[in-house]
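Report on the structure given below.
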Amino acid sequence: MNNWQPISRPLHGIADVAYIPAVASAPETVGFTEEETATTLCRAISGGTLVSALVTRAEWGAVKVMPYKAHLAIDFATSLFSLAAPWLFGFAKNEKARNTFLAMGLTGLVVGALSRPEEMDPDKVQKLQRRANNLPAL
């Protein structure tokens with residue numbers, strides 16, 4: 001284990017589960033719904049993060065097709081985008097929206113940097129898939 005990367009893959013999934021609704025609801029909870037572009041970007045970033053999480057080859061992935069390292073790369077790119085978005089999209093003067101996006105970006109960078117980039121064992125992936133296939137249909 002890397003001492004400087006204490007976040008395991010399962011723990012990263014828990015961070016995603018917290019991040020997704022926090023970002024989606026940020027315009028209402030922080031109070032910048034009048035900033036339509038920032039509000040739309042929150043929904044898009046949240047939705048994109050949800051899709052990325054659902055297709056990641058990890059314990060939490062519903063359709064395990066994307067390597068975890070690719071998930072981390074997407075998180076990194078999304079975080080950089082979040083940091084730049086207030087100036088790229090012209091809402092940097094809205095303090096609440098700007099600071100929310102800066103917090104989103106910094107949170108993503110810190111969580112990503114502290115996450116161990118260990119792929120899930122292929123045998124574990126197959127075991128989880130067999131278990132899922134044995135569940136009754138909804």
Side-chain angles (χ1 to χ4, degrees):
M1 176 172 110
N2 292 328
N3 288 333
W4 65 277
Q5 289 180 305
I7 300 176
S8 65
R9 188 182 52 253
L11 189 56
H12 185 97
I14 292 169
D16 276 351
V17 167
Y19 180 85
I20 292 164
V23 170
S25 65
E28 288 80 18
T29 56
V30 178
F32 58 88
T33 54
E34 77 287 349
E35 196 67 64
E36 291 181 24
T37 302
T39 298
T40 301
L41 286 172
C42 281
R43 307 297 198 259
I45 290 168
S46 179
T49 303
L50 175 61
V51 170
S52 173
L54 289 173
V55 300
T56 298
R57 211 175 305 141
E59 291 78 0
W60 67 85
V63 182
K64 296 168 178 39
V65 294
M66 182 173 65
Y68 178 57
K69 289 178 183 176
H71 174 98
L72 292 175
I74 290 169
D75 284 356
F76 180 74
T78 301
S79 297
L80 292 180
F81 175 79
S82 295
L83 291 171
W87 291 273
L88 290 174
F89 294 95
F91 59 88
K93 290 183 180 174
N94 183 320
E95 197 172 304
K96 290 178 180 180
R98 180 194 64 226
N99 291 346
T100 298
F101 274 77
L102 293 177
M104 287 163 44
L106 290 173
T107 299
L109 289 177
V110 169
V111 170
L114 294 177
S115 294
R116 291 191 301 272
E118 299 168 340
E119 295 292 344
M120 192 160 72
D121 179 25
D123 292 335
K124 188 172 184 178
V125 173
Q126 289 177 348
K127 183 179 177 181
L128 289 172
Q129 286 174 336
R130 279 194 302 272
R131 241 191 243 164
N133 290 338
N134 289 330
L135 292 174
L138 295 178

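- Remark: the backbone N or O of M66 is not paired with any side-chain donor or acceptor of R57 at under 3.5 angstrom.
- Side chain of Q5 to main chain of S115: a donor-acceptor pair is present (N/O by atom type, distance under 3.5 Å, no hydrogens or angles).
- No more than 12 heavy-atom neighbours from other residues, nucleotides or ligands sit within 6.0 angstrom of CD on E95.
- Taking all atoms of both residues into account, the shortest heavy-atom contact from F32 to T39 is O-OG1, 3.5 Å.
- Residues W60 and V63 are members of separate hydrophobic clusters, defined by side-chain heavy-atom contacts under 4.5 angstrom among Ile, Leu, Val, Met, Phe, Trp and Tyr.
- Electrostatic pairing of E119 and K64 does not count as a salt bridge here, judged by no charged N lying under 4.0 Å from a carboxylate O.
- F89 and V23 fall within the same hydrophobic cluster, where Ile, Leu, Val, Met, Phe, Trp and Tyr residues are linked whenever their side-chain heavy atoms come under 4.5 Å apart, directly or through other members.
- Distance check: L88 CG to T37 OG1 gives 12.0 Å after rounding to the nearest 0.5 Å.
- Between S46 and A24, the shortest heavy-atom contact is OG-CB, 3.3 Å.
- Taking each heavy atom of W4 and A113 in turn, the nearest pair found is CZ3-O, 3.5 Å.
- Hydrophobic clustering places V110 together with L11 (ILVMFWY residues linked when any side-chain heavy atoms are closer than 4.5 Å, directly or through intermediates).
- Aromatic ring centroids of F91 and F101 lie under 6.0 Å apart.
- Within the 4.5 Å cutoff, side-chain heavy atoms of S52 are placed close to those of T56.
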Practice prompt. Given side chain to side chain contact (heavy atoms under 4.5 Å, CB included), test I45 with F81 step by step and report yes or no.
Written response: CA-CA 10 Å; I45 290 168; F81 175 79; 4.1 Å; yes
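- Note: R9 CZ to I7 CD1 = 13.5 Å, rounded to the nearest 0.5 Å.
- The heavy-atom pair separating L102 from L83 by the smallest distance is O-CD2, 3.6 Å.
- Linking ILVMFWY residues whenever their side-chain heavy atoms come closer than 4.5 Å, directly or via other members, leaves I74 and L50 in distinct clusters.
- Hydrophobic clustering places F76 together with L106 (ILVMFWY residues linked when any side-chain heavy atoms are closer than 4.5 Å, directly or through intermediates).
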Practice prompt. Go through the steps to decide whether Y19 and M104 satisfy the test side chain to side chain contact (heavy atoms under 4.5 Å, CB included), and finish with yes or no.
Written response: CA-CA 9 Å; Y19 180 85; M104 287 163 44; 3.9 Å; yes
Discussion item. What verdict does the salt bridge (charged side-chain N to carboxylate O under 4.0 Å, His left out) test give for E36 and R43, after you've listed the backbone C-alpha separation in whole Å, the side-chain angles of each residue and the deciding distance to 0.1 Å?
Written reply: CA-CA 11 Å; E36 291 181 24; R43 307 297 198 259; over 6 Å; no
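- At a threshold of 4.5 Å between non-hydrogen side-chain atoms, the residues D75 and D16 count as touching.
- Rounding to the nearest 0.5 Å places CG of L72 at 11.5 Å from CZ of R116.
- Side chains of H71 and H12 form a contact here, defined as non-hydrogen atoms less than 4.5 Å apart.
- For the atom pair CD (E35) and CZ (R98), the distance works out to 11.5 Å, reported to the nearest 0.5 Å.
- Separation of atoms OG1 (T100) and CG (L41) is listed at 12.5 Å; rounding is to 0.5 Å.
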